[in-house]
Amino acid sequence: MRTAVIVFALGLMPGAVLAQQAAPAAQALKTFVSSADVTALMAKAKATRKPDQANLVQPLLQLAPYTANLEYRAGVANGAVHEKEAEMFYVVDGAGTLVTGGKLTAETRTNAENLSGSGIEGGKSQRVAKGDFIMVPENTPHWFSAIEGSLTLMSIHLPRAGSPAR
C-alpha cells in the first residue's frame, strides 16, 4: 500500500519532492496539486521566508500517514537523523550539496525518533540538482551542506516495511 501511495504521489507531481510528517487521522485528504500550484507555493516561499530562515516547509499532498511537503531552502540548515524512517527527496529546482553518513556534530535529540546537529563530520558529499532523486536510509545522518542560490525539494519520510506507521 505504501508503495502505491508513493508511486501515485510521484505520478501526480513529476516536478516535486515528497516529504512526510505524522498526519493526524482527521487531517484533510489532498491527493492532487498542479504544477501551477507548485509554482505558486515556490513563489510564496520566496516571498514569505524570513531572512534568517534557512528552510521553509509547506504541505503539498496529504494521505495519512503521509504528507508530501515542498521544502524551499535558501541557506544551510541543521543536519538530521531519522532513526525509524527513510527520507526520499526529489529536487524540484536549484542545486546544492547533500552529505550523508558520518556523524552529526553538536547532536541533540529533537524528539523520540529524530536527532539534529549543526552539521556532519565525515560522510559522503554529493552534488544534487533539478531532477535528481535521493533516498536516505533510516538512521543515516544527512545534511544539505551547501545551497547554490536556492534549493526546492519535495520529500517524504518512509517507515521501514513492517514498522508501524505514525
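Atom set for the values below is all heavy atoms of this structure, side chains included, hydrogens, waters and symmetry mates excluded.
Cluster membership for Ile134 and Ile147, using ILVMFWY side-chain heavy atoms within less than 4.5 angstrom, is shared. By the criterion of side-chain heavy atoms lying less than 4.5 angstrom apart, applied directly or through intervening Ile, Leu, Val, Met, Phe, Trp or Tyr residues, Tyr72 is not grouped with Leu153; the two fall into different hydrophobic clusters.
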Begin from the C-alpha positions of Leu70 and Val57 and carry the test side-chain contact (heavy atoms from CB on, under 4.5 Å) through to its verdict.
CA-CA 6 Å; Leu70 187 76; Val57 179; over 6 Å; no
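Residues satisfying the side chain to side chain donor-acceptor pair (under 3.5 Å) test with Thr97, not counting sequence neighbours, are none. Evaluation of the side chain to side chain donor-acceptor pair (under 3.5 Å) rule for Lys130 yields no partner, not counting sequence neighbours. With sequence neighbours excluded, no residue forms a side chain to side chain donor-acceptor pair (under 3.5 Å) with Gln58. Arg73 meets the salt bridge (Lys or Arg N to Asp or Glu O under 4.0 Å) test with Glu71; sequence neighbours excluded. Remark: Ser150 engages no residue in a side chain to side chain donor-acceptor pair (under 3.5 Å) (not counting sequence neighbours).
Side-chain atoms of Ser116 and Thr108 include no donor-acceptor pair closer than 3.5 Å.
Residue pairs that meet the salt bridge (Lys or Arg N to Asp or Glu O under 4.0 Å) test with at least one member in residues 61-70, sequence neighbours left out, do not exist here.
Looking only at side-chain heavy atoms (C-beta outward), Leu158 and Tyr66 come within less than 4.5 Å of each other. Here the side chains of Val81 and Asn114 are not in contact, with every heavy-atom distance at 4.5 Å or above.
Annotation for Glu83 and Ala112: closest pair OE1-O, 3.6 Å, computed over non-hydrogen atoms. The two residues Leu115 and Thr110 make their nearest non-hydrogen contact at N-OG1, 4.1 Å. Shortest non-hydrogen contact noted between Glu107 and Leu104 is OE1-CB, 3.9 Å. Here the shortest heavy-atom pairing between Leu61 and Phe32 reads CD2-N, 3.4 Å.
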Let me check something: any side-chain donor-acceptor pairs from residues 36-47 under 3.5 Å, sequence neighbours excluded? List them with distances.
unit_1: Asp37; atom_1: OD1; unit_2: Ser34; atom_2: OG; d: 3.4
unit_1: Asp37; atom_1: OD2; unit_2: Ser34; atom_2: N; d: 3.1
unit_1: Asp37; atom_1: OD2; unit_2: Ser34; atom_2: OG; d: 3.2
unit_1: Thr39; atom_1: OG1; unit_2: Ser35; atom_2: O; d: 3.0

N/O donor-acceptor pairs under 3.5 Å from side chains in residues 119-129, not counting sequence neighbours:
unit_1: Arg127; atom_1: NE; unit_2: Glu148; atom_2: OE2; d: 3.1
unit_1: Arg127; atom_1: NH2; unit_2: Glu148; atom_2: OE1; d: 2.9

Pairs under 3.5 angstrom only: tabulate donor-acceptor contacts from the side chains of residues 136-145 to other protein residues two or more places apart or in another chain.
unit_1: Glu138; atom_1: OE1; unit_2: Arg160; atom_2: NH2; d: 3.3
unit_1: Glu138; atom_1: OE2; unit_2: Arg160; atom_2: NE; d: 3.3
unit_1: Glu138; atom_1: OE2; unit_2: Arg160; atom_2: NH2; d: 3.2
unit_1: Thr140; atom_1: OG1; unit_2: Pro137; atom_2: O; d: 3.0
unit_1: Thr140; atom_1: OG1; unit_2: Glu138; atom_2: O; d: 3.4
unit_1: His142; atom_1: ND1; unit_2: Ala80; atom_2: O; d: 3.2
unit_1: His142; atom_1: ND1; unit_2: Thr140; atom_2: O; d: 3.0
unit_1: His142; atom_1: NE2; unit_2: His82; atom_2: NE2; d: 3.3
unit_1: His142; atom_1: NE2; unit_2: Glu87; atom_2: OE1; d: 2.9
unit_1: Trp143; atom_1: NE1; unit_2: Ala77; atom_2: O; d: 2.9

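Between the CE atom of Met135 and the OG1 atom of Thr100 there is a distance of 13.0 Å, given to the nearest 0.5 Å.
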